[in-house]
> 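To start, I am sharing the structure in question, which I have written as structure tokens.
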Amino acid sequence: MFLIKNVKVNGEIANIILSGNKVSGIVKDVEKITDVPSFDAQGRVIIPAFVDIHTHLREPGFESKEEIATGLKAAVAGGYSAVCPMPNTNPVTDNKYIVSYIKTRAKEVNLARVYPIGAISKGLKGEELAEMASMKNAGAVAVSDDGMPVTNSNLMRKAMEYADGLGLKVISHSEDKSLAEGHANEGANATRAGIEGISRVAEEAMVAREILLADSLNTSVHIAHVSTANSVDLVRWAKAKGIKVTCETCPHYIVGTDELILGYDCNAKVNPPLREENDRQAIIAGLLDGTIDAIATDHAPHTKAEKDREFALAPNGISGLESAFSLCYTALVESGLMSLCRLSELMSKNPSKILNLPCGEIAEGGLADFVIIDIDNEYEIDSSKWYSKGKNTPFNGYRVKGQVMTTIVDGNVVFNRESEERK
């Protein structure tokens with residue numbers, strides 16, 4: 001038995017009793033519970049730990065950017081108890097052996113749960129379906145060619161049919177490469193900066209294709225990293241028709257716009273690119289009305305040397321595991337746009353539902369995966385202090401509220417900021 005004392009649950013101070021990795025009770029009075037190991041949360045807010053259904057741990061193959069060990073340390077520091085790494089590793093996660101390797105390494109690190117996402121196509125080449133059944137048996141929870149679109153529509157159709165029969169979710173990287181030859185959002189800011197632009201239609205055309213395929217097959221599809229107003233409208237239309245589509249957006253589309261590229265900061269280079277203010281407002285509206293189901297980080301760590309280059313040559317990607325909650329809390333909750341409960345759903349309960357993961361709630365009998373937050377603590381984002389190898393973020397120096405203090409996974413305290421800072 002383990003006791004989490006003095007936590008604020010749904011606005012009231014309570015105590016959570018754990019038995020192993022499960023919640024056995026939520027009580028007000030603990031005077032009769034003695035000689036039990038405990039953790040004092042000092043009246044801070046507790047919510048379900050976050051679940052990231054779109055992240056990049058880079059291992060195997062790109063350990064200079066991130067390792068499973070550093071990525072999971074960053075995850076728990078950001079309040080995540082579960083992450084789903086994308087398959088664009090080297091070798092590609094397109095078979096049961098790489099899935100098993102990732103699961104084994106994650107178990108050795110023993111910080112956060114890891115649910116690998118396998119590739120749709122072998123080698124991410126978009127030519128032949130990967131071995132979905134064997135990957136699922138090894139522990140994969142979804143399939144995606146993230147980083148590369150499945151250009152062949154018939155192959156995507158077959159992928160949706162086959163994955164549906166296996167109970168796997170298809171996650172679409174929606175991008176028409178023929179319309180995405182630039183390096184930033186096509187618009188006034190790209191013109192001012194002299195950077196070749198990427199049409200928003202590159203995303204929207206593929207979002208429309210996935211929706212129509214899902215409708216024709218009566219299967220589900222999940223759209224990754226939605227970034228434009230029209231993409232939000234397309235998903236809203238699909239949901240109104242009863243098409244089985246879900247989607248996610250990322251903190252950088254909630255907080256940032258393409259104005260961040262005007263200083264030629266390659267840390268603001270990401271795919272899909274940061275859009276305009278009307279797109280940002282549409283993303284927020286989609287989060288508020290339920291069109292957008294989840295917030296995922298698309299944590300994409302790169303080395304400093306890779307990002308310190310000419311804008312056109314720098315790789316796409318923003319590191320996000322350690323700043324996601326604070327950025328979203330400040331932009332959405334502190335601003336009064338939504339409740340903390342709603343943000344928790346977007347970052348925990350809903351992502352778990354999308355991929356059918358056993359996370360996302362605080363309830364008797366449920367998993368003891370929690371994050372304890374100091375919602376009043378205001379601090380400045382400083383990626384130099386992050387546990388991730390990837391320090392690449394355009395949000396350095398941003399003042400934010402809502403700091404993750406403690407993360408509990410499987411009933412164990414795997415991260416405690418105050419203890420870390422005393423080291």
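Computation of the quantities below employed the complete heavy-atom set of this structure, encompassing side-chain atoms and omitting hydrogens, waters and symmetry-equivalent molecules.
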> Going from OH on Tyr253 to CD1 on Ile292, what distance comes out if it is rounded to the nearest 0.5 angstrom?
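Output value for this atom pair is 11.5 Å.
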> Does some side-chain heavy atom of Asp374 sit less than 4.5 Å from a side-chain heavy atom of Asp376?
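A side-chain contact under 4.5 Å exists here.
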> What verdict does the salt bridge (Lys or Arg N to Asp or Glu O under 4.0 Å) test give for Glu378 and Arg399, after you've listed the backbone C-alpha separation in whole Å, the side-chain angles of each residue and the deciding distance to 0.1 Å?
CA-CA 7 Å; Glu378 182 176 326; Arg399 298 292 300 180; 3.3 Å; yes
> Evaluate the criterion side-chain contact (heavy atoms from CB on, under 4.5 Å) for residue pair Ser227 and Asn185; output intermediate values, then yes/no.
CA-CA 10 Å; Ser227 72; Asn185 179 65; over 6 Å; no
> Can you name the closest pair of heavy atoms from Ala77 and Tyr387 and give their distance?
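Closest approach of Ala77 to Tyr387, heavy atoms only: CB-CD1, 3.6 Å.
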> Mind running side-chain contact (heavy atoms from CB on, under 4.5 Å) on Leu274 and Thr257 for me, showing each step along the way?
CA-CA 5 Å; Leu274 296 173; Thr257 69; 5.7 Å; no
> Please check if any side-chain donor atom of Glu67 sits under 3.5 Å from a side-chain acceptor atom of Thr70, or the reverse.
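There is no such pair (donor and acceptor under 3.5 Å, judged by atom type) between the side chains of Glu67 and Thr70.
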> In Å and rounded to the nearest 0.5 Å, what is the CD1 to SG distance from Ile295 to Cys328?
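Reported value, rounded in 0.5 Å steps: 4.0 Å.
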> Heavy atoms only: give me the nearest Ala159-Ile120 pair and the separation to one decimal.
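Result for this residue pair: CB-CG2, 3.7 Å.
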> Minimum heavy-atom separation for Cys359 to Asp369, with atom names?
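Closest approach of Cys359 to Asp369, heavy atoms only: SG-OD2, 4.5 Å.
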> Do the side-chain N and O atoms of Asp146 and His56 include a donor-acceptor pair separated by under 3.5 angstrom?
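Present: a donor and an acceptor within the cut-off.
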> What's the shortest heavy-atom distance between Ser319 and Thr393, and which atoms?
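Residues Ser319 and Thr393, closest heavy atoms: O-CB, 4.1 Å.
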> Dump the intermediate steps for side-chain contact (heavy atoms from CB on, under 4.5 Å) on Phe395 and Asn267, then the final yes or no.
CA-CA 9 Å; Phe395 303 116; Asn267 290 322; over 6 Å; no
> If you define the side chain from C-beta out and look only at heavy atoms, does anything of Phe62 sit under 4.5 Å from Pro301?
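Counting from C-beta outward, Phe62 and Pro301 never come under 4.5 Å.
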> Asp265 and Leu260: which non-hydrogen atoms are nearest, and at how many Å?
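That would be CB-O, 4.2 Å.
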> Return the minimal non-hydrogen interatomic distance between Cys84 and Leu357, and the atom names on each side.
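Cys84 and Leu357 have their closest heavy atoms at SG-CD1, 4.1 Å.
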> If the condition is side-chain hydrogen bond (donor to acceptor under 3.5 Å, both in side chains), which residues does Asn278 pass it with, not counting sequence neighbours?
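Result, side-chain hydrogen bond (donor to acceptor under 3.5 Å, both in side chains) vs Asn278: none returned.
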